[in-house]
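For clarity, every value in this text was computed on a predicted model and none was experimentally measured.
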Amino acid sequence: MRSRELLLSAFLAVAFVASAGDCYSMLDGDTLRMGNSRIERVYLWNNGHLITCRVTDKLSGKTFVPTAGTPDFTVNRAVPSDGRFVVTEFRSDGIRPDHMVTTVSYRLGDLEVERVYRMYDGVPAIAVGTRLRGALSGVAEKEVSAADRSNIEHAEDMKVKPVTAVLDRLSLPGQHWHGSAVEFRDITDWNNNLVDRRDFISYRKTNYRGNILTVTDGENGGGFVFLKEAPCSGVQLAYRGGDFISDFGTFMVTGLGVSEKDVTADKWTSTYGSVLCTFGGGELDALTALRSYQKQCRILDPDRDEMVMMNTWGDRSQDAKVNETFCLAELDKAAALGISLFQIDDGWQAGKSPNSATAGGSFRDIYANASYWTPDPVKYPRGLTPIVERGRELGIEIGLWFNPSVQNDFADWEKDAATIVGLWRKYGIRMFKIDGLTVSSKRGEENLRRLFDRVLEESGNEVMFNLDATASRRGGYHFFNEYGNIFLENRYTDWGNYYPYWTLRNLWMLSRYVPAEKLQIEFLNKWRNTQKYEGDRFAPSGYDFGYLFAITMAGQPLAWMEASNLPDEAYDIRPLVDGYRKIQHDFHKGVILPIGEEPSGRSWTGFQSVTGDDAGYLLLYREDNDRPEASVKTWLPGGRRLKLTPVLGDGRGRTVRTDAEGNIRVALDRRNSFVMYRYRID
């Protein structure tokens with residue numbers, strides 16, 4: 001990443017100011033200000049151990065003034081010393097856009113602390129990452145349950161033990177703070193309910209699990225969002241049982257993701273990150289503020305990040321079929337469907353994984369077999385060159401499955417990186433599905449990040465990763481976001497666990513809090529295994545094939561199937577796929593949020609992509625219900641005239657008016673049908 005250091009260090013006697021774009025960072029005496037055109041956070045310098053004095057949402061003018069003089073970051077009670085202040089301007093590297101970084105470093109006794117703040121132009125958010133070096137102590141104990149505290153009869157009874165480790169905090173006046181904590185689940189081989197939201201009124205000290213905490217001022221509106229940049233709660237490292245704590249007007253982000261033994265004097269160790277977003281209105285403002293930050297984590301490049309992928313593993317042949325002849329035939333059929341990227345899953349390589357149809361494979365000690373990651377010489381006697389060249393002729397990129405060698409916390413990460421870079425250099429392959437991970441230690445997490453960073457550096461950020469979220473301890477939805485997209489779930493008609501509305505529901509639920517365009521969503525061959533769904537109202541065979549594709553469009557569509565098993569009628573969806581690919585990037589550039597009812601198989605549901613103040617897309621689904629016309633709740637303003645122009649699907653052009661709550665009347669003649677509209681507010 002290209003960068004320019006604007007300021008080397010600062011001391012309290014002189015004012016230091018740095019700015020880039022509309023971001024700024026300035027230290028004047030004992031006051032540090034960071035912000036941009038949308039947000040400002042003002043701190044007491046406190047020798048680098050910053051204490052927030054004020055947070056302002058500039059668009060609404062709402063200001064939050066903390067009452068407590070407690071440092072934002074807490075790990076011990078040592079007196080801070082040796083505070084330093086450095087500002088760096090980072091130029092876009094194709095992954096992240098231009099942004100400003102403010103690094104504040106200081107000491108807390110035997111512990112060195114480095115807090116790295118990131119700001120982006122026009123984004124109402126300040127992100128902070130933390131690195132530690134030296135001796136960390138006193139963070140091993142868990143929080144005390146309310147059930148283990150005494151009853152309250154006197155003011156003294158209300159006192160509770162301070163939280164040991166805090167990544168960030170705001171302590172605000174008032175009693176009327178309304179919160180919602182959102183917990184996420186990955187491990188989708190085992191989980192099919194991926195989002196839990198807990199709403200509360202802040203009272204005495206209470207732990208909450210989740211990656212997102214939204215806090216709203218019950219008196220005056222507006223508020224803030226804390227995003228914890230970490231894996232899902234259930235798989236975090238050194239987990240203490242919670243991610244956020246509320247205590248009347250005090251809100252804290254907890255859980256460092258490191259243990260005392262992880263932090264040593266010879267190297268820096270990163271904790272999990274925290275982001276503060278501000279908003280001035282209701283839920284739409286809060287979600288838009290959060291999403292505007294999330295979209296900075298990785299630039300959505302239409303040539304690199306947008307795709308309609310085919311991966312043949314969904315028909316459960318595993319690696320039994322994959323070879324040169326099979327892949328060449330699949331490519332021709334994939335082209336007939338409109339596929340842009342053909343991914344060869346496990347089985348292309350000479351080595352055998354545990355998922356192979358042939359017994360005896362392993363994810364461990366891969367490099368004991370020097371030929372493990374070379375194309376299987378029996379299956380691919382000419383290597384992958386004929387596959388790549390045929391794909392290029394058809395306008396289809398080739399992607400590969402890859403499993404890092406897992407032993408000793410990914411100790412062979414350099415060999416893994418060299419292997420991936422070698423495949424990129426030899427064949428031009430840019431997409432690698434990363435599978436089989438178990439990130440069970442800080443060292444493992446660090447080595448995995450080293451692997452990804454090395455590949456991006458060596459490939460000039462051309463390579464991207466398709467991160468599997470189906471099993472074990474992995475990154476979830478808010479960690480490793482800069483490296484690519486998320487392979488969300490394995491579903492198979494062979495096992496009778498693929499239901500179109502289940503897939504739509506998971507995407508719909510996640511899209512409120514996670515950019516939908518970062519999620520790879522599957523559709524399957526509905527003509528296979530029909531006997532396993534006999535008598536089932538929601539059997540895949542009861543849906544048009546085009547509808548199955550349409551439920552994936554808010555995400556990155558994945559044809560999870562062997563094209564050679566499709567009947568001729570399946571190829572009738574080609575015009576739909578072509579039409580979608582023309583608008584895919586424009587649709588994904590917007591803030592995509594769920595609308596209508598929760599998908600149930602019998603709902604009116606969908607997505608809205610807000611691309612501007614008066615424009616965007618509506619993607620609507622009429623599931624299997626007897627309502628040809630319905631009122632659908634949207635994120636549109638109330639009482640406005642709306643022109644709807646059909647882009648894809650069955651709908652007709654029309655002009656409607658939103659009611660006071662932003663609902664619109666929509667119509668579709670057929671059950672299990674859809675329409676995508678481009679809308680404009682007159």
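Between the side chains of Thr503 and Glu522, at least one donor N or O lies within less than 3.5 Å of an accepting N or O. No hydrogens or angles considered: nothing links the side chains of Asn525 and Asn565 as a donor-acceptor pair under 3.5 Å. With hydrogens and angles left out, the side-chain atoms of Ser292 and Gln294 include no donor and acceptor closer than 3.5 Å. Side-chain N/O atoms of Tyr498 and Asp494 include no donor and acceptor closer than 3.5 Å. Of the N and O atoms on the side chains of His99 and Gln296, not one donor lies less than 3.5 Å from an acceptor on the other residue. Using modelled atom types and a 3.5 Å distance limit, the side chains of Asp98 and Tyr120 yield no donor-acceptor pair. Side-chain N/O atoms of Tyr272 and Thr130 include no donor and acceptor closer than 3.5 Å. Using modelled atom types, one finds a donor on one side chain and an acceptor on the other under 3.5 Å when comparing Asp189 with Asn490. Side-chain polar atoms of Asn191 and Glu489 form no donor-acceptor pair below 3.5 angstrom. For the residue pair Asn192 / Arg185, no side-chain donor-acceptor distance below 3.5 Å is found, with atom types taken as modelled.
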Derivation and outcome, side chain to side chain donor-acceptor pair (under 3.5 Å), residues Trp401 and Asp435: CA-CA 7 Å; Trp401 175 92; Asp435 202 356; 3.2 Å; yes
His478 vs Glu229, side chain to side chain donor-acceptor pair (under 3.5 Å): CA-CA, chis, key distance, verdict: CA-CA 5 Å; His478 308 282; Glu229 295 191 297; over 6 Å; no
Mind running salt bridge (charged side-chain N to carboxylate O under 4.0 Å, His left out) on Arg382 and Glu324 for me, showing each step along the way? CA-CA 8 Å; Arg382 297 183 290 170; Glu324 180 181 310; 2.3 Å; yes
Please determine whether salt bridge (charged side-chain N to carboxylate O under 4.0 Å, His left out) holds for the pair Asp262 and Lys442, giving the CA-CA distance in whole Å, both sets of side-chain angles, and the decisive distance to 0.1 Å. CA-CA 7 Å; Asp262 292 324; Lys442 194 65 188 178; over 6 Å; no
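Between Asp578 and Lys582 there is no salt bridge, since none of the side-chain N atoms of the basic residue sits less than 4.0 Å from a carboxylate O of the acidic one. Comment: Asp332 engages Arg390 in a salt bridge, judged by a side-chain N to carboxylate O separation of less than 4.0 angstrom. Between Asp186 and Arg474 there is no salt bridge, since no side-chain nitrogen of the basic residue lies less than 4.0 Å from a carboxylate oxygen of the acidic one. The pair Arg425-Glu458 meets the salt-bridge criterion, since a charged nitrogen lies less than 4.0 angstrom from a carboxylate oxygen. Ion pairing between Glu414 and Arg450 fails under the 4.0 Å rule for side-chain N and carboxylate O. Remark: Glu482 does not engage Arg118 in a salt bridge, criterion side-chain N to carboxylate O under 4.0 Å. Of the charged side-chain nitrogens involved, at least one lies within less than 4.0 Å of a carboxylate oxygen, so that Asp303 and Arg430 count as a salt-bridged pair.
Judged by distance alone, the side chain of Ser511 and the main-chain N or O of Trp508 form a donor-acceptor pair under 3.5 Å. At distances below 3.5 Å, at least one donor-acceptor pair connects side-chain atoms of Gln556 with backbone N or O atoms of Glu517. Side-chain N or O atoms of Asn211 include one that pairs as donor or acceptor with a backbone N or O of Lys228 at under 3.5 Å. In this structure a side-chain-to-backbone donor-acceptor pair under 3.5 Å is missing from Asp315 to Ser317. The closest donor-acceptor contact from the side chain of Asn485 to the backbone of Gln520 lies at 3.5 Å or more, if one exists at all. Looking at Tyr372, its side chain never comes within 3.5 Å of a backbone N or O of Gln349 through a donor-acceptor pair.
The distance from atom CG of Asn36 to atom CG of Asp22, rounded to the nearest 0.5 Å, is 5.0 Å. With values rounded to the nearest 0.5 angstrom, Met553 atom CE is found 9.0 Å from His588 atom NE2. Between the CG atom in Leu227 and the CD1 atom in Ile212 there is a gap of 5.5 Å [rounded to 0.5 Å]. Taken from CD in Gln318 to CG in Asn355, the straight-line distance is 7.5 Å, to the nearest 0.5 Å. Here OG of Ser440 is found 5.5 Å from CG of Asp409. Values are rounded to the nearest 0.5 Å.
In this structure, the side chains of Met431 and Asn466 come closer than 4.5 Å at one or more pairs of heavy atoms. Put simply, the side chain of Phe452 does not reach to within 4.5 Å of the side chain of Trp413, judged on heavy atoms. Annotation: side chain of Tyr117 is in contact with side chain of Arg115 (closest heavy-atom distance under 4.5 Å). The shortest distance between side-chain heavy atoms of Phe465 and Ile420 falls below 4.5 Å. Using a 4.5 Å heavy-atom threshold, the side chains of Leu423 and Leu400 count as touching. Looking at Leu331 and Ile387, their side chains come closer than 4.5 Å, going by heavy atoms from C-beta outward.
Note on ring orientation: taking the six-membered ring where Trp is involved, the planes of Phe587 and Tyr617 are perpendicular (angle over 60°, cut-offs 30° and 60°). Between Phe480 and Tyr483, the ring-plane angle classifies as tilted under the 30° and 60° cut-offs. Relative orientation of the Tyr477 and Phe184 rings is tilted, given thresholds of 30° and 60° on the angle between their planes.
Taking the centre and axis of the six-membered ring of Phe402, the NZ or CZ atom of Lys433 falls outside the cone set by 45° and 6.0 Å. No cation-pi contact links Arg291 to Tyr513, judged by a cut-off of 6.0 Å to the six-membered ring centre and 45° from its axis.
Nearest heavy-atom pair, Ala336 versus Tyr571, reported as atom, atom and distance to 0.1 Å: CB-CD2, 3.6 Å.
Partners of Arg505 by side-chain hydrogen bond (donor to acceptor under 3.5 Å, both in side chains), not counting sequence neighbours, listed by chain and number: Asn193, Glu598. For Asn481, there are no side-chain hydrogen bond (donor to acceptor under 3.5 Å, both in side chains) partners two or more places apart in sequence or in a different chain.
The distance between the ring centers of Phe523 and Phe545 falls below 6.0 angstrom.
Each of Asp319, Thr374, Ile398, Leu384 was checked for a side-chain contact (heavy atoms from CB on, under 4.5 Å) with Trp348, and the lone residue meeting it is Leu384.
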